[in-house]
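The block underneath contains the structure these notes are about, expressed in structure tokens.
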2 protein chains.
Amino acid sequence: MPLPQTEAPGRLQAELMSRGLRMTRQRRIILSVVETAKQHLDASQILRKARKLDSQVDRVTVYRTLSLLKRHGLIDELDLMHMQGEKHFYERRPQRDHIHMACLRCGKISEFESNLFDRLKGQIQRDCQFHIVVTRLEVGGYCAQCRTASAA
Amino acid sequence: MPLPQTEAPGRLQAELMSRGLRMTRQRRIILSVVETAKQHLDASQILRKARKLDSQVDRVTVYRTLSLLKRHGLIDELDLMHMQGEKHFYERRPQRDHIHMACLRCGKISEFESNLFDRLKGQIQRDCQFHIVVTRLEVGGYCAQCRTASAA
DNA sequence: ATCTAGTTGCAAGTGTGTTGCAATAAGATT
DNA sequence: AATCTTATTGCAACACACTTGCAACTAGAT
């Protein structure tokens, strides 16, 4: 049974192939899960979704693939303030870095892009002579809804 | 054998006592380890240092004390870009937040305070109506030394 | 069709952090 | 100073995320 390999290959798959890496059945599945994710997924969620597409995907392969994508700078790893144990979450690396805000009450994760953040990174590179490869800015606190809810 | 309890109690101990928490022998030791740390320590390093002062400190007590301090906002938890496995590192919460930069080559951790960072936090609070409790900005990349070293 | 090195799956292992519960001790009360 | 109450501790067992060694497999080149 052929895989839905004719679907648009997706940027992740194209990127990996252009780097001379082998495109296995398992990798294709894991990449598609990561690419089509509508929210931040952790390794076990990725495994579960991958198995729905092909029960022949191992936990270890998920870890190895995530680590590969991370090494190649194609995905970012998030901690989301460790609100749900010690899980790590993953998302495709975006064009422009963004901030993750985690509400300590309702658990909602929101994202925010900011010119100030871009300028701050520039300042770090200049003032500290530090060549930035990856950044992670996470903020814990209370979102607008939960602020008004608790004020009521 | 009395403990060196007559030493200046330290801010952490004073803070906890002012909040009506019991000051046990174990807590005093763990607090002093955290307060006098010259670098970022993880839980197992804290345990080891605590045991040097009193072999009667349990691993669990270290975890519980760190979690207590974190809940009370007296220490911050760092991931330092997960360069050394999944450890978490701890430091006393400073007056002013700072950025942690982790060199991916030599592993050095440097810190940086920035007005832009302060302004960015202000922007988040305003634009997102998000009440910030804690922030963590970690940057991975290459420090000045390692940049020049690899250019050579 | 064949080859070879990159990749996978299994099983076992590592390490961090957590939980239930009986024993202990801090700090208040008398 | 003795007593009391309840927070805290230590132990043992557990939970879970992630890793490693290695034989079997297979993608992509020849």
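Reminder, nothing fancy here: chain letters follow the sequence lines and each chain counts from 1.
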Could you check whether B:Arg136 pairs with B:Asp76 (Lys NZ or Arg NE/NH1/NH2 to Asp/Glu carboxylate O, under 4.0 Å)?
no

Find the distance B:Arg19:CZ to D:dT8:P and express it as a whole number of Å.
14 Å

Value rounded to 0.5 Å, distance of CE in A:Met23 from CG in A:Leu31
5.5 Å

Go through the structure and list residues passing side chain to side chain contact (heavy atoms under 4.5 Å, CB included) with B:Lys70, not counting sequence neighbours.
B:Ile75, B:Glu77

Does B:Arg27 reach a base, just sugar-phosphate, or nothing at all? Heavy atoms under 4.0 Å.
sugar-phosphate

Does any N or O donor sit under 3.5 Å from an N or O acceptor when you compare the side chain of B:Arg59 with the base of D:dG10?
no

d(CE, B:Met17; P, C:dG27) in whole Å:
5 Å

Taking only the side-chain heavy atoms of B:Thr61 (C-beta and beyond), determine which of D:dA17, C:dG9, D:dT9 contains the nearest atom.
D:dT9

Quick one: is D:dC18 close enough that its OP1 or OP2 comes under 4.0 Å of any side-chain N or O from B:His82?
no

Given C:dG27, C:dG17, D:dT26, identify the nucleotide with an atom nearest to the side chain of B:Ala43.
C:dG17

Over how many whole Å does the gap from B:Leu68 atom CG to D:dA7 atom P extend?
13 Å

Establish, from distance only, whether the side-chain atoms of A:Arg71 and A:Ser67 form a donor-acceptor pair under 3.5 Å.
yes

Compare side-chain N and O positions of B:His88 against OP1 and OP2 of C:dG17 and report whether any pair is under 4.0 Å apart.
yes

Please round to 10 degrees the angle between the axis of the first five pairs and the axis of the last five pairs in the helix from C:dA1-D:dT30 to C:dT30-D:dA1.
30°

Go through the side-chain N and O atoms of A:Gln145 and A:Lys108 and say whether any donor and acceptor fall under 3.5 Å apart.
yes

Distance check needed: D:dT9 P versus B:Asp54 CG, whole Å only.
12 Å

Tell me whether the side-chain N/O atoms of B:Gln26 come closer than 4.0 Å to OP1 or OP2 in C:dA26.
no

A:Leu47 has an atom CG; how far is it from atom C1' of D:dA17, in whole Å?
12 Å

Per atom distances to the B:Thr24 side chain, the nearest of C:dT18, D:dT8, C:dC10 is D:dT8

Considering only heavy side-chain atoms of A:Arg22, the closest of D:dT8, C:dT18, D:dG28 is D:dG28

Measure across B:Cys106 and B:Cys143 and return the closest heavy-atom pair with its distance rounded to 0.1 Å.
SG-SG, 3.9 Å

From CZ of A:Arg71 over to C1' of C:dG6, roughly how many Å is that when rounded to an integer?
12 Å

State, with a plain yes or no, whether a side-chain heavy atom of A:Leu137 is found less than 4.5 Å away from one of B:Leu120.
yes

Answer with yes or no whether the side chains of B:Glu91 and B:His40 bring together a donor and an acceptor at under 3.5 Å.
yes

Rounded to the Å, how far apart are B:Gln45 CD and C:dG17 P?
11 Å

What integer distance in Å separates B:Leu69:CG from D:dT8:C1'?
14 Å

Closest to side chain of A:Leu21, choosing from D:dT8, C:dT7, C:dC10:
C:dT7

Please figure out whether B:Glu86 or B:Arg64 has its closest DNA chain D nucleotide nearer the 5' end.
B:Arg64

In terms of side-chain heavy atoms of B:Asp58, which of D:dG10, C:dG27, C:dC10 is nearest?
D:dG10

Between B:Lys87 and C:dT16, is there a side-chain N or O to OP1/OP2 distance below 4.0 Å?
yes

Of the listed nucleotides C:dT16, C:dA11, C:dT4, the one nearest the side chain of B:Tyr63
C:dT16

